[in-house]
Number of protein chains: 2
Amino acid sequence: VRVLVTGGSGFIGRWTVKSLEQRGIEVFVCGRTIPEPPLDNFIQADLLETASAEKVLAHAKPDVIVHAAWFVNHGAFWRTEANLDWVAASMRLARVAADHGVRRFVGVGTCFEYDWPVDGNCVEGQTPIRPTTLYAVAKDAVRRVLEEYAACDAFEFAWARLFYLFGPFEHPERLASSTALKLARNQPAPLTSGLAVRDFMDVRDAGAGLAALAVSPIKGTVNIASGKGIAIADLARLLQRSAGGGQLQIGALPDRAGEPPRIVADVSRMHEAVGFTPQNSIEERLEETYRWWQQQALQGL
Amino acid sequence: VRVLVTGGSGFIGRWTVKSLEQRGIEVFVCGRTIPEPPLDNFIQADLLETASAEKVLAHAKPDVIVHAAWFVNHGAFWRTEANLDWVAASMRLARVAADHGVRRFVGVGTCFEYDWPVDGNCVEGQTPIRPTTLYAVAKDAVRRVLEEYAACDAFEFAWARLFYLFGPFEHPERLASSTALKLARNQPAPLTSGLAVRDFMDVRDAGAGLAALAVSPIKGTVNIASGKGIAIADLARLLQRSAGGGQLQIGALPDRAGEPPRIVADVSRMHEAVGFTPQNSIEERLEETYRWWQQQALQGL
């Protein structure tokens with residue numbers, strides 16, 4: 001089996017590629033920028049250009065596509081018109097995939113497609129869908145069209161919904177990354193009250209889960225997440241423990257209005273249907289993640 | 001105000017253009033094929049080509065876009081992969097429209113976006129959405145993304161949901177057209193039991209309704225329809241009356257399983273918010289439509 005991972009040098013894609021390679025699978029990666037160090041299996045292509053999908057598929061001839069590419073610039077991605085470009089690019093990629101006889105297409109969605117449930121548990125096919133940002137609406141629209149396209153015998157289709165992530169190569173201004181960096185630099189790390197409970201997963205495990213979904217025969221939507229809630233303040237405290245101290249200022253930042261108290265994935269499908277369960281605890285993963293950011297801080301980031 | 005109508009030489013688009021021109025509005029039309037006779041305001045462009053939207057908007061500089069273009073080949077349109085191409089083309093058109101400062105964007109949807117309600121009445125924003133064909137899923141996906149894009153201040157956005165149409169230039173193998181043609185040729189016209197009640201509107205009125213929505217300030221979804229149900233057999237009988245007889249064979253064709261008994265639009269928004277009410281009765285419109293098809297039959301169609 002040959003797998004093409006779009007966005008395969010990105011935050012999630014790189015770990016998906018690694019996990020597939022560890023399974024002995026032949027993987028191709030496409031992206032705009034040639035990675036450093038260069039990779040044999042890298043195809044330089046900007047999927048926003050119309051002809052790219054055809055070029056990439058003619059070269060990679062994949063059986064399976066994991067479509068992890070999207071516009072993800074920190075902060076900007078929620079409302080940017082680039083979301084429309086990625087809807088269009090995803091349509092083109094799916095069309096060309098079907099033309100090339102790609103057997104299975106795995107898309108990458110987000111927990112922000114869900115209407116936040118009262119009990120905080122997000123269950124595939126059960127929790128209502130009500131995205132409220134252009135990013136999540138665009139992702140959901142892609143899922144809707146490709147699911148129906150698959151029903152017209154285009155290919156087998158699965159959709160991974162990712163939740164809250166942390167880990168190496170995260171944007172340095174996000175929750176775990178910025179807190180770890182500040183602790184490593186011995187700077188004060190201000191936080192909200194941090195009472196909100198979220199489903200946090202290490203991006204390496206999310207990548208491995210996405211890889212497991214890619215090689216499984218499971219169709220439809222699967223939450224790729226930890227299935228466990230952790231309060232944001234507790235996540236920060238675990239990073240502080242890894243740092244052996246530091247100035248965590250819980251409550252120094254105002255809470256955002258209207259934030260749901262709890263967002264946690266139901267992961268029965270991931271465990272039972274896909275057969276994927278991460279082996280490391282969040283404590284271990286946050287410890288590793290702290291060490292990674294500490295290295296970055298030492299290198300002057 | 002300048003209005004660009006994509007698909008403006010199509011079944012619905014041509015009447016939208018006519019109605020806008022009757023209001024004294026400057027209209028541009030774009031399409032793949034130069035119309036016969038040629039029009040001054042026609043811009044030849046295939047919106048499926050990436051650069052076309054930019055070219056058309058640079059030329060037409062519209063304040064308002066009515067986006068009526070889509071793949072509509074009889075029968076094929078329900079499941080064709082061309083629906084994905086039109087999702088992509090619609091994303092591009094919307095992006096370029098926002099870049100060019102287009103004030104208002106009106107998309108064309110379908111009653112097939114609705115989950116058929118038990119009472120048969122389709123009410124905007126109330127009847128659940130549950131499209132079950134690639135065509136309707138693709139239309140619905142465009143609506144979802146553009147509605148959210150509009151909420152990000154791209155432009156003002158409205159969405160017309162059209163129901164069942166008949167009239168001049170319809171594909172000759174559809175219900176009203178094929179029945180009228182057979183009656184005109186004095187051939188037997190076989191039908192199902194024809195008990196299903198549908199909201200039928202003359203396409204000239206639908207085009208006028210779309211034009212009224214285009215020049216109104218109303219945002220969101222508006223059913224453009226008659227608001228009245230007619231049994232399919234009764235529609236055929238009205239055509240038969242216009243023909244002054246003919247061999248209508250009601251019940252000669254098997255009924256399709258699972259067809260909802262009644263699909264009728266709630267047209268309060270169209271009447272009250274948009275302020276549009278067609279002036280002709282369905283009897284008059286079917287009479288005119290029969291005469292049109294009779295001419296076609298006389299000319300050897």
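Chain letters run A, B, ... following the sequence lines, proteins first and then strands; every chain starts at 1.
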Counting heavy-atom pairs under 4.5 angstrom with chain B, the leader among T80(A), T50(A), V87(A), D85(A) is D85(A)
**OP:** Could you tell me whether the side chain of R144(A) reaches within less than 4.5 Å of the side chain of R144(B), counting heavy atoms only?
**Re:** yes
Tightest non-hydrogen contact, residues A138(B) and V145(A), listed as CA-CG2, 4.1 Å
Most contact-rich option vs chain A, by heavy-atom pairs under 4.5 angstrom, among C152(B), A141(B), A94(B), is C152(B)
Highest number of heavy-atom pairs under 4.5 Å with chain A among R92(B), E147(B), R79(B), E49(B) belongs to R79(B)
CG (D99(A)) and CD (E81(B)) are apart, to the nearest 0.5 Å, by 7.0 Å
Residue from D140(A), T132(A), V142(A) scoring the most non-hydrogen pairs under 4.5 Å with chain B is T132(A)
Under a 4.5 Å cut-off applied to non-hydrogen side-chain atoms, are L146(B) and L84(A) in contact? yes
When the 4.5 angstrom heavy-atom criterion is applied to T133(A) and chain B, the contacting part is backbone
